[in-house]
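Accompanying notes for the structure given below.
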2 protein chains.
Amino acid sequence: MSAEQPAVTRKGRLSAALGDDLSFLLARANAYSLAAGNVALATIGLRARSYSVLALAADGSRPSQRDLADFLRLDPSQVVALVDDLQTRGLVAREADPADRRTNVVVTTAAGRALYEQARVQARRAEEQVFARLSPSERERLASLLQLVAFPD
Amino acid sequence: MSAEQPAVTRKGRLSAALGDDLSFLLARANAYSLAAGNVALATIGLRARSYSVLALAADGSRPSQRDLADFLRLDPSQVVALVDDLQTRGLVAREADPADRRTNVVVTTAAGRALYEQARVQARRAEEQVFARLSPSERERLASLLQLVAFPD
DNA sequence: TATTGTTATACTCTATAACTATA
DNA sequence: TATAGTTATAGAGTATAACAATA
């Protein structure tokens with residue numbers, strides 16, 4: 001709190017105005033995380049966005065495009081583009097929902113599931129790198145704090 | 001940890017694949033935070049980006065554009081555009097650094113400092129809204145965990 | 001009437017490369 | 001040679017609006 005405390009150590013002299021600003025820290029941490037994720041996933045032709053869609057399709061919960069948009073906090077029109085791309089590459093397919101013919105359910109193909117397994121390895125590698133300075137229990141703590149912000153209900 | 005724990009409560013049935021993924025939680029939390037910040041700051045003609053530049057210029061540390069780029073994790077060319085915009089509006093000025101004539105130091109004008117005071121109020125309002133579910137001590141804990149990620153040194 | 005998916009469009013953000021002037 | 005700032009450009013992400021099919 002006082003003038004010459006080690007807040008400077010890690011962040012340099014500019015930290016006075018924004019160094020404790022949660023929104024700024026969130027933005028900067030996310031920038032690192034997103035960049036590392038995109039680099040790691042680029043090796044198998046995915047990006048963070050397409051990986052997240054593939055992950056949700058791959059877990060067997062048969063999400064509609066609307067479900068994906070809500071959960072990923074994307075506009076439905078962005079989901080159209082992401083699913084188009086994955087479908088063109090033979091990784092996912094749209095299935096009609098018999099209960100509601102407006103709805104497209106997104107499922108993975110065998111190739112999609114196989115690629116997802118590779119992608120998970122890369123995603124973990126990136127995460128390990130970005131969160132290297134946090135212990136397992138600190139990571140759990142961070143996850144539960146972030147869940148309160150990310151899913152306000 | 002076991003199968004039917006309340007991880008579903010706040011995030012719905014899609015949470016299996018990504019609900020504990022730190023990178024995803026960071027992205028989603030940041031999306032909320034950024035959106036709320038932009039909405040709150042729009043009332044006074046700023047965005048999160050321009051606010052962060054103004055904040056660093058306003059605290060008297062006389063940052064160079066390079067300092068701003070490093071701290072905000074922006075490309076130097078983006079800083080040019082942000083400073084151009086704020087300068088056009090009479091909120092900041094570029095000053096030559098006598099010690100190194102390549103360097104532009106960014107300082108606030110009186111109007112810039114006045115607007116920054118208003119902007120801080122809006123930024124706090126947005127932050128209060130986004131982090132409403134976290135107690136003061138949880139917010140501090142979140143800040144220090146995020147600092148380890150955002151400033152890896 | 002409301003919702004799902006779709007198309008279109010404009011704007012912001014991100015990432016590179018090349019250039020200039022200084023060091 | 002290297003660094004600070006600048007310009008230019010392309011690609012990714014964000015935000016809206018409007019529409020068809022279906023509920």
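In what follows, every chain begins at residue 1, and chains take the letters A, B, ... in the order their sequences are listed. Keep in mind that what you see is a predicted model, and the values were worked out from it rather than measured.
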- Item | Backbone of Asn38(A) reached by a side-chain donor or acceptor of Arg47(A) within 3.5 Å | no
- Item | Nucleotide dT3(C), atom C1' - distance to CD of Gln65(A) in whole Å | 13 Å
- Query: dG11(D) P sits how many Å from Asp85(A) CG, rounded?
  - Reply: 15 Å
- So, the side chain of Arg66(B) versus the backbone of Thr103(B): is there a donor-acceptor pair under 3.5 Å, distance only? no
Between the protein and nucleotides 15-19 of chain C, list the N/O to N/O atom pairs that are separated by less than 3.5 angstrom.
{"unit_1": "dT16(C)", "atom_1": "O4", "unit_2": "Ser77(B)", "atom_2": "OG", "d": "3.2"}

- Mind running salt bridge (charged side-chain N to carboxylate O under 4.0 Å, His left out) on Asp85(A) and Arg89(A) for me, showing each step along the way? CA-CA 6 Å; Asp85(A) 174 55; Arg89(A) 294 153 67 185; 3.0 Å; yes
- Quick check: does any side chain N or O of Gln147(B) sit under 3.5 Å from a backbone N or O of Gly19(A), one acting as donor and the other as acceptor? yes
- So, does Glu138(A) use its side chain to make a donor-acceptor pair with the main chain of Ser135(A) at under 3.5 Å? yes
- Could you give the CG-to-C1' distance, from Asp84(B) to dA8(D), as a whole number of Å? 14 Å
- What is the distance, rounded to the nearest whole Å, between atom CZ of Arg66(A) and atom C1' of dT6(C)? 11 Å
- Rounded to the nearest Å, what distance is computed from the CG atom of residue Asp97(B) to the P atom of nucleotide dA4(D)? 11 Å
Just the atom pairs and distances: protein N or O near nucleotides 20-23 of chain D's N or O, under 3.5 Å.
{"unit_1": "dA23(D)", "atom_1": "OP1", "unit_2": "Arg101(A)", "atom_2": "N", "d": "2.9"}

- Item | Rounded distance in Å - CG (Leu74(A)) to P (dT4(C)) | 15 Å
Atom pairs and distances, donor-acceptor, side-chain atoms in residues 119-126 of chain B, under 3.5 Å, two or more places apart:
{"unit_1": "Gln122(B)", "atom_1": "OE1", "unit_2": "Arg125(B)", "atom_2": "NE", "d": "3.1"}
{"unit_1": "Gln122(B)", "atom_1": "OE1", "unit_2": "Arg125(B)", "atom_2": "NH2", "d": "3.1"}

- Has the side chain of Thr43(B) got a donor or acceptor atom that lies under 3.5 Å from a matching backbone atom of Val39(B)? no
- Nearest-angstrom distance from the residue atom CG of Leu72(A) to C1' of dG13(D): 14 Å
- Message: Does dT4(C) have its OP1 or OP2 closer than 4.0 Å to a side-chain nitrogen or oxygen of Arg94(A)?
- Response: no
- side chain to side chain contact (heavy atoms under 4.5 Å, CB included) between Gln78(B) and Leu72(B), intermediate numbers included: CA-CA 10 Å; Gln78(B) 301 174 255; Leu72(B) 298 173; over 6 Å; no
- Given the side-chain rings of Phe151(A) and Tyr32(B), with only the six-membered ring counted for Trp, is the space between their centroids under 6.0 Å? no
- What integer distance in Å separates Leu46(B):CG from dT12(C):C1'? 16 Å
